[in-house]
Student: 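Before we start, here is the structure in question, set down as structure tokens.
Excluded from the calculations below are hydrogen atoms, water molecules and symmetry mates; all remaining heavy atoms, backbone and side chain alike, are included.
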Amino acid sequence: MRLLRGDLASCTNPPAVVAIGKFDGLHLGHRAVIERAAALAREQGLPLTLMSFEPLPHEFFAPASVTTRLSRFVSKWHMLEALGTIDTFACLRFNRRRAEQEADDFACRTLAAGLAARTVVVGEDFRFGRGRRGDIALLKQAGRESGFDVAPVAAVCDPDGERISSSRVRRALEENRLDAAAGLLGRPFEAWGRVVAGERLGRRLGFPTVNLALGRRPPPLDGIYVVRVSGLPEGTRHGVANVGTRPSIGGVRRLLEVYFPEYSGDLYGRLLKVEFLAWLRSEVHFADMEALAQAMGDDVDNAAQWLRENGLSWESDR
């Protein structure tokens with residue numbers, strides 16, 4: 001998968017099917033758009049380009065009010081790449097100039113000229129351009145003038161008829177309803193990151209952890225989780241993860257820490273995928289390190305019990 005960033009006028013792109021969206025979390029609604037676009041690309045014998053923005057438009061307009069995100073760029077990139085159907089990921093900078101771009105100019109300059117769109121695939125509620133004035137009708141009109149077709153995709157709903165959305169996934173994660181989030185995503189919620197150096201507190205307590213930075217807008221998680229981790233030299237393992245600020249030592253920055261029972265190895269610099277399978281408890285403040293170590297031991301025992309009840313082990317791939 002090729003990454004396209006920066007000024008589209010500085011590069012030449014082949015004619016393509018272009019799918020547009022935020023793709024935050026890559027839930028079942030997003031996948032329906034991508035699957036429709038991939039099918040059209042195969043039918044037309046064209047490559048598939050996925051277009052999104054950094055920052056996301058709502059983050060640009062209200063940065064102070066947006067504190068979490070389902071998938072930062074590194075997670076989104078690897079989830080999209082794993083689909084195996086996308087040829088180019090055009091991740092364009094959303095700035096003041098982009099925010100003030102008129103809808104017809106976006107269709108003409110960005111889609112038709114910049115990305116050489118022959119078919120544009122979007123959700124049926126897609127809005128674009130300055131003040132969100134552009135809708136499907138305007139996009140179709142612009143397409144007739146600029147030489148591309150438009151394929152709207154209907155919203156995907158759950159069995160109760162409620163529309164699947166990133167906000168619903170976010171709410172489920174905030175409430176630690178991981179099964180509900182997985183149902184909306186079509187898989188367990190996942191986060192990607194590289195192992196970075198930590199303060200080695202876990203090692204001193206007898207629970208050496210790997211630390212993954214979560215960026216400025218971490219996922220809406222908090223507490224202790226049973227996780228499945230891919231990217232280790234030996235393959236996939238289960239572990240116990242903490243997502244939080246570590247209040248017992250006065251921490252302020254949100255981190256993801258994972259402990260792998262019955263495992264030792266140097267993982268610094270490795271890119272890991274962490275899937276969240278079950279929530280065990282909230283993160284709390286402990287009076288001393290002895291109480292914290294006791295709680296961590298209890299977390300490991302509870303995680304081991306959950307794995308046994310689900311026919312899994314620390315070493316089990318699935």
Side-chain angles (χ1 to χ4, degrees), residues 1-11 13 16-27 29-31 33-34 37 47-83 85-103 105-107 109-111 113-117 120-123 125-132 134 165-167 169-170 173 185 189-194 196 212-221 253-254 256 271 273-274:
M1 188 169 73
R2 178 177 69 124
L3 176 62
L4 182 61
R5 307 194 81 164
D7 185 7
L8 293 179
S10 64
C11 57
N13 294 297
V17 172
V18 178
I20 310 172
K22 295 178 181 178
F23 305 111
D24 187 24
L26 202 60
H27 56 63
H30 296 144
R31 288 175 180 254
V33 171
I34 296 172
L48 172 57
T49 295
L50 209 68
M51 192 188 81
S52 192
F53 298 99
E54 283 288 340
L56 298 177
H58 69 279
E59 295 172 344
F60 172 81
F61 288 113
S65 66
V66 183
T67 59
T68 65
R69 190 197 281 197
L70 296 179
S71 51
R72 62 195 184 110
F73 178 81
V74 64
S75 293
K76 186 181 297 185
W77 169 268
H78 288 286
M79 287 191 291
L80 293 174
E81 189 174 45
L83 296 178
T85 58
I86 302 164
D87 298 285
T88 298
F89 180 33
C91 188
L92 307 184
R93 181 74 177 171
F94 197 90
N95 50 24
R96 179 58 57 187
R97 180 174 63 84
R98 182 74 63 188
E100 295 178 351
Q101 187 177 22
E102 297 293 345
D105 187 63
F106 173 81
R109 291 180 181 272
T110 303
L111 297 180
L115 294 177
V120 175
V121 183
V122 293
D125 60 349
F126 178 64
R127 307 289 299 201
F128 66 104
R130 184 177 182 179
R132 292 170 52 85
S165 65
S166 295
S167 61
V169 177
R170 187 176 297 106
L173 293 176
L185 294 166
F189 178 75
E190 65 188 64
W192 290 72
R194 286 198 184 278
V196 298
L212 285 75
L214 293 175
R216 294 176 53 243
R217 294 186 175 94
L221 299 171
R253 185 165 58 99
R254 188 164 294 273
L256 166 57
L271 179 69
K273 178 177 79 169
V274 182

Student: On a heavy-atom basis, which atom in D24 and which in S71 lie closest, and how many Å separate them?
Tutor: OD1-N, 2.9 Å
Student: With sequence neighbours left out, write down each residue that passes ring pair (Phe, Tyr, Trp, His ring centres under 6.0 Å) with H58, or none if nothing qualifies.
Tutor: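 For H58 there are no ring pair (Phe, Tyr, Trp, His ring centres under 6.0 Å) partners, ignoring immediate neighbours.
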Student: Restricting to non-hydrogen atoms, name the atom on L111 and the atom on A107 that form the minimum distance, rounded to 0.1 Å.
Tutor: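 Where L111 meets A107 most closely, the heavy atoms are CB-O, 3.3 Å.
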Student: Applying ring pair (Phe, Tyr, Trp, His ring centres under 6.0 Å), can you list everything that pairs with F94, at least two apart in sequence or on another chain?
Tutor: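 F94: ring pair (Phe, Tyr, Trp, His ring centres under 6.0 Å) contacts with F53, F60, F61.
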Student: State which residues pass side-chain hydrogen bond (donor to acceptor under 3.5 Å, both in side chains) with S52; sequence neighbours excluded, sorted by chain then number.
Tutor: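 Testing S52 for side-chain hydrogen bond (donor to acceptor under 3.5 Å, both in side chains), a comparison that skips the adjacent residues, returns none.
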Student: Test side-chain contact (heavy atoms from CB on, under 4.5 Å) on R31 and L83 and set out the steps.
Tutor: CA-CA 9 Å; R31 288 175 180 254; L83 296 178; 3.5 Å; yes
Student: CZ/R5 to CZ/R93 distance, rounded to the nearest 0.5 angstrom?
Tutor: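 Here the interatomic distance stands at 8.0 Å.
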Student: Would you please name every residue forming a side chain to side chain contact (heavy atoms under 4.5 Å, CB included) with T67, sequence neighbours left out?
Tutor: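 Once residues adjacent in sequence are excluded, T67 has no partner under the side chain to side chain contact (heavy atoms under 4.5 Å, CB included) criterion.
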Student: Out of curiosity, L26 CG to L80 CG, how far, rounded to the nearest 0.5 Å?
Tutor: 5.5 Å
Student: So, the side chain of T49 versus the backbone of A16: is there a donor-acceptor pair under 3.5 Å, distance only?
Tutor: no
Student: With sequence neighbours left out, write down each residue that passes ring pair (Phe, Tyr, Trp, His ring centres under 6.0 Å) with H30, or none if nothing qualifies.
Tutor: F23, H27
Student: How many angstroms lie between atom CD1 of I86 and atom CD1 of I34, to the nearest 0.5 angstrom?
Tutor: 4.5 Å
Student: Which pair of non-hydrogen atoms, one from T110 and one from L92, has the smallest distance, and what is that distance?
Tutor: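 Scanning both residues, the minimum pair turns out to be CG2-CD1, 3.9 Å.
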Student: Taking side-chain hydrogen bond (donor to acceptor under 3.5 Å, both in side chains) as the definition, give me every residue that meets it alongside T68, ordered by chain and number, with sequence neighbours left out.
Tutor: none
Student: Tell me which pairs pass salt bridge (Lys or Arg N to Asp or Glu O under 4.0 Å) where either residue lies in residues 61-80, with sequence neighbours left out.
Tutor: E54-R69, E59-R69
Student: Using a 4.5 Å cut-off on heavy atoms from C-beta on, say whether the side chain of L221 contacts that of L256.
Tutor: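 No. Closest side-chain heavy atoms not under 4.5 Å.
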Student: Mind listing the closest non-hydrogen atom pair of V18 and M51 along with its distance?
Tutor: CG1-CB, 4.3 Å
Student: Just jot down the salt bridge (Lys or Arg N to Asp or Glu O under 4.0 Å) partners of D125, sequence neighbours excluded, or say none.
Tutor: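 Scan of D125 (salt bridge (Lys or Arg N to Asp or Glu O under 4.0 Å), adjacent residues dropped) gives R163.
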Student: Which residues satisfy the side chain to side chain contact (heavy atoms under 4.5 Å, CB included) test with E81, sequence neighbours excluded?
Tutor: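 Checked E81 against side chain to side chain contact (heavy atoms under 4.5 Å, CB included); matches are M1, W77, H78.
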Student: If you look at every heavy atom in P57 and K22, which pair is closest and at what distance?
Tutor: CD-CE, 4.5 Å
Student: Write down the atom of P47, the atom of D87, and the distance for their closest heavy-atom approach.
Tutor: CA-OD2, 3.2 Å
Student: Is the closest side-chain heavy-atom distance between L173 and L70 below 4.5 Å?
Tutor: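 In short, these two side chains touch, coming nearer than 4.5 Å.
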Student: What residues, two or more places apart in sequence or in another chain, satisfy salt bridge (Lys or Arg N to Asp or Glu O under 4.0 Å) together with R2?
Tutor: none
Student: First locate atom CG of L50, then atom CG of L4, and finally report the distance between them rounded to the nearest 0.5 Å.
Tutor: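 With rounding to 0.5 Å, CG (L50) is 12.0 Å from CG (L4).
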Student: Residues two or more places apart in sequence or in another chain: which of them pass ring pair (Phe, Tyr, Trp, His ring centres under 6.0 Å) with F128?
Tutor: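 Scan of F128 (ring pair (Phe, Tyr, Trp, His ring centres under 6.0 Å), adjacent residues dropped) gives F106, F126.
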Student: Mind checking what makes salt bridge (Lys or Arg N to Asp or Glu O under 4.0 Å) contact with R109, not counting sequence neighbours?
Tutor: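 Result, salt bridge (Lys or Arg N to Asp or Glu O under 4.0 Å) vs R109: D105.
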Student: Using the rule given for salt bridge (charged side-chain N to carboxylate O under 4.0 Å, His left out), can you reason through E102 versus R130, listing the C-alpha separation, both sets of side-chain angles and the distance that settles it, and then say yes or no?
Tutor: CA-CA 5 Å; E102 297 293 345; R130 184 177 182 179; 3.5 Å; yes
